[in-house]
Amino acid sequence: LEQAFSTDVRRQDTSPTMIEDPLQSIHEGDTIDRIEALFEAQIRTFEDPIKSKRTGVMMVELDLAEFKDSITRIGQRTLTPENSRQPPEYYFLPTLVSILQSDQAGLAYRMDMLFHTENNPAEVQNKDPASLSDLIDQAGIIAQHLENVGMPQNLISIGLRKGEEDKVTLFFRRHVPFSPVQKSEEGAQ
């Protein structure tokens with residue numbers, strides 16, 4: 001009745017005869033949905049991410065060793081007839097970079113990586129900076145592989161946070177370019 005007689009329809013129900021078909025919806029969904037599907041298919045330790053459709057942000061915590069292995073697998077730089085017979089997990093990195101750069105709204109997505117340390121990173125950096133060198137080296141290797149496949153530097157950030165060691169937290173969000181000129185024009189009006 002609400003749909004038939006109201007001018008302000010708030011609820012949009014799907015018809016009971018409509019059935020979702022995964023084959024028909026293969027190119028549907030936003031960037032966050034596609035990133036989640038890639039991680040779900042390729043990373044064994046991937047669990048329910050925290051995401052906000054409204055803001056277009058997704059956060060996920062992964063096992064560092066498995067994430068690093070997914071990023072650094074050999075054979076990911078090019079797809080040739082010789083390596084096209086490789087298992088699909090060999091295409092994780094190029095697929096991830098492609099998804100992050102091809103948002104439907106025309107804005108690329110950025111990936112912020114937070115590597116976990118057992119103690120407060122600021123305290124560890126002050127007291128024993130050498131103990132962070134292994135973690136920083138791993139972060140650099142991952143960032144270098146992302147850049148080698150075509151991910152621009154301005155779409156990657158690396159940080160440290162206190163948490164369970166051998167874990168990494170990833171944030172995916174739309175990249176909003178910094179423009180100081182635009183800020184000053186708004187302030188002048």
Side-chain angles (χ1 to χ4, degrees), residues 20-53 55-104 108-119 121 131-152 155-175:
E20 276 190 36
D21 182 9
L23 295 176
Q24 293 297 322
S25 64
I26 205 160
H27 295 290
E28 298 294 323
D30 61 3
T31 302
I32 293 293
D33 292 332
R34 294 185 292 159
I35 294 169
E36 181 181 5
L38 175 67
F39 275 78
E40 198 170 277
Q42 300 291 332
I43 297 187
R44 187 176 33 87
T45 60
F46 181 78
E47 293 179 7
D48 297 326
I50 298 171
K51 59 184 181 175
S52 169
K53 290 280 194 174
T55 59
V57 175
M58 181 173 84
M59 181 193 87
V60 64
E61 190 173 284
L62 300 170
D63 180 64
L64 177 58
E66 189 169 356
F67 177 65
K68 182 181 174 190
D69 184 49
S70 297
I71 294 290
T72 59
R73 266 196 191 100
I74 296 172
Q76 296 199 65
R77 294 195 66 191
T78 57
L79 179 62
T80 63
E82 294 82 36
N83 69 5
S84 66
R85 293 181 191 90
Q86 296 290 338
E89 61 266 13
Y90 282 87
Y91 306 112
F92 173 80
L93 182 57
T95 305
L96 175 63
V97 171
S98 173
I99 290 171
L100 291 174
Q101 292 182 338
S102 64
D103 181 45
Q104 294 170 349
Y109 266 66
R110 63 179 295 114
M111 184 168 76
D112 302 319
M113 299 178 282
L114 294 175
F115 295 85
H116 296 201
T117 64
E118 187 176 327
N119 299 313
S131 65
L132 293 177
S133 65
D134 183 48
L135 190 59
I136 292 169
D137 289 344
Q138 288 186 48
I141 289 169
I142 291 171
Q144 188 62 52
H145 275 80
L146 286 163
E147 289 177 34
N148 288 345
V149 173
M151 185 81 169
L155 298 180
I156 305 168
S157 72
I158 296 172
L160 299 173
R161 73 178 276 199
K162 182 179 179 178
E164 188 179 339
E165 281 195 14
D166 301 326
K167 295 281 185 182
V168 61
T169 302
L170 305 176
F171 288 94
F172 297 95
R173 59 188 169 90
R174 280 200 174 106
H175 175 65

As an exercise, state the distance from [atom1] of [X] to [atom2] of [Y], rounded to the nearest 0.5 Å.
X: Thr169; Y: Glu164; atom1: OG1; atom2: CD; result: 10.0 Å
X: Met151; Y: Arg110; atom1: CE; atom2: CZ; result: 8.0 Å
X: Ile99; Y: Leu38; atom1: CD1; atom2: CG; result: 5.0 Å
X: Glu61; Y: Phe171; atom1: CD; atom2: CZ; result: 9.5 Å
X: Asp63; Y: Glu47; atom1: CG; atom2: CD; result: 10.5 Å
X: Leu146; Y: Thr72; atom1: CG; atom2: OG1; result: 10.5 Å

Taking every non-hydrogen atom, the tightest pair across [X] and [Y]:
X: Thr117; Y: Glu165; result: C-CG, 4.0 Å
X: Ile32; Y: Gly56; result: CD1-O, 3.8 Å
X: Pro152; Y: Gln101; result: CD-NE2, 2.9 Å
X: Leu132; Y: Pro121; result: CD1-O, 4.2 Å

Legend entry - salt bridge (Lys or Arg N to Asp or Glu O under 4.0 Å) partners for Lys51, two or more places apart: Asp33, Glu36
Legend entry - Test salt bridge (Lys or Arg N to Asp or Glu O under 4.0 Å) applied to Glu66 - qualifying residues, sequence neighbours left out: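 Glu66 satisfies salt bridge (Lys or Arg N to Asp or Glu O under 4.0 Å) with Arg44 once adjacent residues are dropped.
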Inset, instruction - Show your reasoning for whether side chain to side chain contact (heavy atoms under 4.5 Å, CB included) applies to Leu100 and Leu155. - result: CA-CA 9 Å; Leu100 291 174; Leu155 298 180; over 6 Å; no
Can you confirm whether [X] sits close enough to [Y] that some side-chain heavy atom of one is under 4.5 Å from a side-chain heavy atom of the other?
X: Thr45; Y: Ile43; answer: yes
X: Lys167; Y: Leu64; answer: no
X: Leu93; Y: Asn148; answer: no
X: Ile142; Y: Phe67; answer: yes
X: Thr31; Y: Phe172; answer: no
X: Leu62; Y: Phe46; answer: yes
X: His116; Y: Arg161; answer: yes
X: Met111; Y: Ile156; answer: no

Inset, instruction - Check the pair Leu96, Ile71 against side chain to side chain contact (heavy atoms under 4.5 Å, CB included), reporting the backbone distance first and the verdict last. - result: CA-CA 9 Å; Leu96 175 63; Ile71 294 290; 4.3 Å; yes
Legend entry - Short side-chain to backbone donor-acceptor contact, Ser98 and Pro94, under 3.5 Å: no
Legend entry - Expected output: side-chain Gln138 to main-chain Phe115 donor-acceptor under 3.5 Å: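 Side chain of Gln138 to backbone of Phe115, a donor-acceptor pair under 3.5 Å: no, none is there.
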Inset, instruction - Evaluate whether atom CG of Asp137 has more than 12 neighbouring non-hydrogen atoms of other residues, nucleotides or ligands under 6.0 angstrom away. - result: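 Check passes, neighbour count above 12.
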Inset, instruction - For Glu118, look at atom CD and say whether over 12 heavy atoms of other residues, nucleotides or ligands are found less than 6.0 Å away. - result: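 No.
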